[in-house]
Amino acid sequence: MRRGLTLPAPLAELPWIMLGPLTLLVLFGAAVLQSAAGGDFSTYAASHLIRFGVFLAMALVISRMPRKLVMDGAFLAYGGVLLLLVAVEVMGQVGGGSQRWLELGFLRLQPSELMKPTIVLVLASYFHTMPIGMIAHSRALVVPLGLMLVPMAMVLLQPDLGTALAIGFGGAVVLFLAGIPLRWFAGGAIAAAIAAPLAYFFALQDYQQRRVTTFLDPESDPLGSGYHITQSKIAIGSGGISGKGFGEGSQSHLDYLPEPHTDFVFATMAEEWGLLGGLFVLLVFGIVLRWGLTVARNAPDRFSRLLAGGMTATIFFYVAVNLMMVMGLAPVVGIPLPFMSHGGSSMMTNMICIGTLMMVERWTRAAGTPDY
Amino acid sequence: MEKAVSSNALKQTFDRRTFVIGAAQAGVGLLLAARMGYIAVAENEKYRMEAESNRVNLSLIPPRRGWILDREGSPLASNRADFRVDIIPERLEDIDGTVRILGDVLAFTPAERQDLHDRLEEARGFSAVPVASGLDYDSFAAVSVRLPELPGVIPQRGYSRYYPTGPAVGHLLGYVGAANREEFDLEPVPLLLTPGFKLGKDGVEKQFEQVLRGQPGARRVEVTARGRIVRDLETREDIQGNPVQLTIDGPLQDYAARRLGLESGSAVVIDCETGDLLCAASMPSFDPNSFSEGIGRVEYQMLREDERVPLRNKVLSGLYPPGSTLKPMAGMALLEAGIDPQETVNCPGGYRLGNRVFRCLGRHGPMTMHTAIARSCNTYFYAMAHRHGYEIIAAMGRSLGLGERYELPVASQSYGTVPDAAWKMRRFEQQWTHSDSLNAVIGQGYMIASPLQLAVMSACLASGKHIRPRLVLGEGPEPGRFSFDPAHFETIRLAMSEVVNGAGTAGRSRLPFPDILMGGKTGTAQVRGLGSGGRGGMGVPWRFRDHGLFVFFAPVDRPKYAGAVVIEHGLGGSVAAAPVARDVLTYLFDPQKGLDVLHALEAGWGGTAQERLAKTYAQYASAAAGIQIAPTPRPPNTGLRPVDAEARAAASAPEADPAAGEALAT
């Protein structure tokens, strides 16, 4: 009996404290997408809701999976996704273009998206099986780093900087939570500080370099790459506290805002719903992420803890980078806003994370008491 | 237990680090909320303005230009409503494709396509290039539906300047056109870049630009990022410019211009009681209607190549040796100096000064002032000028308006030279000689004047008043008084009457009225210097032939009109210039009689000036560029009171249209 409601056991077991706000957020997203489509429901909003339904079902299936199966299948899954990455790379070469997806009919599957939860899974599994005393040894670092760098390199080749960073971030958080000594992170930070300028000049593509310089000074190129950031800020800023009203956003409707239904959906929302809408979105993400970390803290064993923590971090990475981008605090990288942006891949990845968190929560309840 | 402790330690590390991550996440969340609050609340005003300036596009509606009216209130320049198409070169993506589509839709000839293409290639991106104006609605609609393929092409409803009498007023009124870079630099207002906006480029149109311009209207529209107009927000109507009423007599101006015919020359008529310029015709001319629609380059080239300089206003900027037309003025100077007009000078066919003989055109025998003016005897004036000094003649010339820059609202005027010793020293650092005096007194040598100045001189002599020209009705210098003896003016007028009505040089140019007499004075100005020996007669190339001049006034007994006619290379004043003056005055006193003469002449010339210009252009175009020009469409029936020469005759007829004055205002 939760909160006095009488629900069938499978339903009552669901973490409504997270699912409720999340569903509201998705519905809100659908409303924003309808406005972005000029008031047409079928263009974006309908598929958005259908995808949420489909992937919610998938998340429920995931949440029923037994712990042993997941743990044993971790490396298998990792290998499979790696093979898919190779497959798109080869197909891209053969097809004579850079193709990042596999056509599945209802969805263009980007294997790089699948890699985001998978890296968390495989690292959690690795650290779980690793003898505890070895955590301070450098060997504890070498294998995970290898597991991270191989897919990151392949995704960078596509080239998709945003996804590569997301994979790296998810992996790094798992490493951090696994107890890798802080000095390694300090060393890594120093290495990154040295590598960043080198990477900027030698590794980044022209358009990526431009995005970075534009981020540092958006007014330098107001009609070129700075246009996105400038128009996004105009959309958010002109919304004020309560917004211009549903369907009244001129920035999105008159095409000033680029990508109003995908990467810049938050700006589209903020123009019409204002600061209040923005705080609502932040609040829901806060609830979801807090719930995720709680699940991680309460998890019965090391594997589930790392798994839950990593999944939460993956969602957080999406949210933080996207919102910082639309508010002019980060360069323009193609990362959509979870549960609001129109797009199947991002919905799938994030629902996998949600499903995994629900799975860990179920394991926790099944175990009864945490296993120290 | 070692393992358990270690496991516990890891769990504690995990909890600690989870807390750190949670705190970091909360921190980022707060940062985002603060950032959003800052953008949306603190900077709301700024971004609201920017969103608004994104959304709303203000486009100006060119104001309707004020009319230019003649002295009766009939429009010399009005506006014609039309549909037009312009191109903003900056937004143009594909010149060839655009020209091809527009050429097909608007049925352009190959020449017009080439012309448009050339102008687009040369366009600098800042000002609109006119494609076509005066379109009917169907063509306009045909262009409009293809706009998605034609970025940069702007069809709009507008007005084009309309000059009913075309070339007759070309030099006087000037023309209008889209602003060029210099004009925009001088006056950097957005209106100048607005498609369809025209400003005055020359003449009255330029001088009264600010009066005629009016206030632009504005249309606020909501536009997408790609510039597509979503909806109109609000529209403010334009305010038409104020009219400018000139002293010009429209029908007379048209008549005089057409009467000049195939010649290159000018005809000026002044109301010698007031100084009002009634007509200032300069031919050949250009058709300002062509300019106002954006003149084709082929047409402009034709005008530039013409040796009769149709681009120069000969009334104001043509300078000619006045020749014998100065003799009445010189006579007036001598009278004022105390010469007895009855005193005779014997003319043996020349005048000996030292060892040089200054030739006269004939062997006139004994000459009084009266006969010397009537028969244009140089010897009389050589002798008198030598005896009494040239200075009094130069002074009288200046009093009567020679060498003077008039207070006229015109873009430029040449004011010639009344030479004297000081001028020659200043100019050439040479002493003034007696030869200079003799040359100057018969209007040769350094003496040059514009047709307008000759007309003013004539008006002063005719009225006895200090007359200076006026172009705007009710404005300008009032007639003043001379301290000269009125009887002396009368003496000169009678001598000038003798030129035409007695035994004078212009006897064939009497007015066809028994009761109205014209007075005048012929002049023949040598183009080649006197020293070069060659005469400028029939046998030499056109450009070396003598200029023909004639100054006149009428009626002799109570002068009302005065003026001057100059025919470039017309061989002589009596054969070329005086007949034009006669017919112009005839038209003033009896329009129908004047028109009969003109129509007979035009039948021989091949049409009115406007028709001939169009014909010449068609010939030139097909010869120069191998292109065929479509005949110009007839002007629309606007219901306005017309200003062509025929209008006057029609108006004086009993069945004249009484409602013609009720004009629709555009």
Side-chain angles (χ1 to χ4, degrees), chain A residues 127 131-133 135 173 176-180 182 227 230-231 233-241 243-244 249-251 253-258 266 270-271 274-275 278-279 282-283 285-286 289-290 293-294 296-297 299 302 305-306 309 312-313 316 319-320 323-324 326-329 370 372, chain B residues 1-57 220-231 233:
Chain A
F127 281 112
I132 286 165
I135 195 68
V173 168
F176 180 71
L177 291 177
I180 297 288
L182 280 176
Y227 181 83
T230 307
Q231 295 301 333
K233 279 159 74 180
I234 291 176
I236 297 171
S238 63
I241 293 176
K244 297 174 183 173
S250 61
Q251 287 287 103
H253 288 176
L254 300 178
D255 305 334
Y256 292 97
L257 193 61
F266 184 82
E271 187 180 18
L275 181 61
L279 292 179
L282 282 175
L283 181 69
F285 280 123
L289 293 171
R290 194 183 134 81
L293 283 181
T294 310
R297 253 199 311 276
R302 192 161 158 76
R305 280 199 292 271
L306 293 179
T312 310
F316 169 76
V319 175
L323 290 185
M324 281 169 41
V326 299
M327 292 185 203
L329 295 174
Y372 286 91
Chain B
M1 282 311 285
E2 173 68 24
K3 187 183 172 191
V5 169
S6 184
S7 179
N8 256 335
L10 276 184
K11 168 64 176 156
Q12 278 162 16
T13 304
F14 178 86
D15 284 346
R16 233 178 14 250
R17 292 192 176 182
T18 311
F19 179 78
V20 168
I21 284 185
Q25 292 184 355
V28 169
L30 283 178
L31 172 73
L32 288 171
R35 169 71 173 172
M36 187 175 174
Y38 178 71
I39 295 179
V41 179
E43 296 195 304
N44 175 247
E45 197 63 24
K46 169 188 163 193
Y47 286 121
R48 194 180 284 275
M49 299 260 295
E50 288 189 20
E52 200 62 8
S53 82
N54 267 347
R55 181 176 78 95
V56 176
N57 193 342
R220 271 159 50 90
V221 291
E222 194 171 272
V223 291
T224 68
R226 285 173 198 82
R228 189 173 59 82
I229 293 173
V230 179
R231 58 180 166 159
L233 296 176

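A note on names: the letters A, B, ... follow the listed sequences, proteins ahead of strands, and every chain is numbered from 1.
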Checking side-chain contact (heavy atoms from CB on, under 4.5 Å) against A/Leu177, which of B/Thr13, B/Thr18, B/Asp15 comes through?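 One option only clears the test, and that one is B/Thr18.
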Select one option (side chain, backbone, both, neither) describing which atoms of [X] are under 4.5 Å from chain B's heavy atoms.
X	value
A/Phe266	side chain
A/Ala178	backbone
A/Leu283	neither

Identify which of B/Arg48, B/Glu43, B/Arg16, B/Gln25 forms the greatest number of heavy-atom pairs closer than 4.5 Å to chain A. B/Gln25
Got a donor-acceptor contact below 3.5 angstrom from the B/Arg35 side chain to the A/Met327 backbone? yes
Just give me the residue among A/Val173, A/Leu182, A/Val319 that pairs up with chain B most often, heavy atom to heavy atom, under 4.5 Å. A/Leu182
Given A/Ala235, A/Pro131, A/Ser238, A/Gly243, the one with more heavy-atom pairs under 4.5 angstrom with chain B than any other is A/Ser238
Find out whether A/Phe316 and B/Val28 are in side-chain contact, i.e. whether some heavy atom of one side chain is under 4.5 Å from a heavy atom of the other. yes
So do A/Arg305 and B/Lys11 actually touch side chain to side chain, heavy atoms under 4.5 Å?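 SC-SC contact between B/Lys11 and A/Arg305 confirmed.
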Mind checking the OG1-CG spacing from A/Thr230 to B/Asn54? Nearest 0.5 Å is all I need.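 With rounding to 0.5 Å, OG1 (A/Thr230) is 10.0 Å from CG (B/Asn54).
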With rounding to the nearest 0.5 angstrom, report the CD1 to OG1 distance, B/Ile21 to A/Thr312. 9.0 Å
Shortest non-hydrogen contact from [X] to [Y]?
X	Y	value
A/Ser250	B/Arg55	CB-CD, 3.4 Å
B/Ala40	A/Ile236	CB-O, 3.8 Å
B/Met36	A/Ala270	CE-CB, 3.7 Å

Full working for side chain to side chain contact (heavy atoms under 4.5 Å, CB included) between B/Tyr47 and A/Gln251: CA-CA 11 Å; B/Tyr47 286 121; A/Gln251 287 287 103; over 6 Å; no
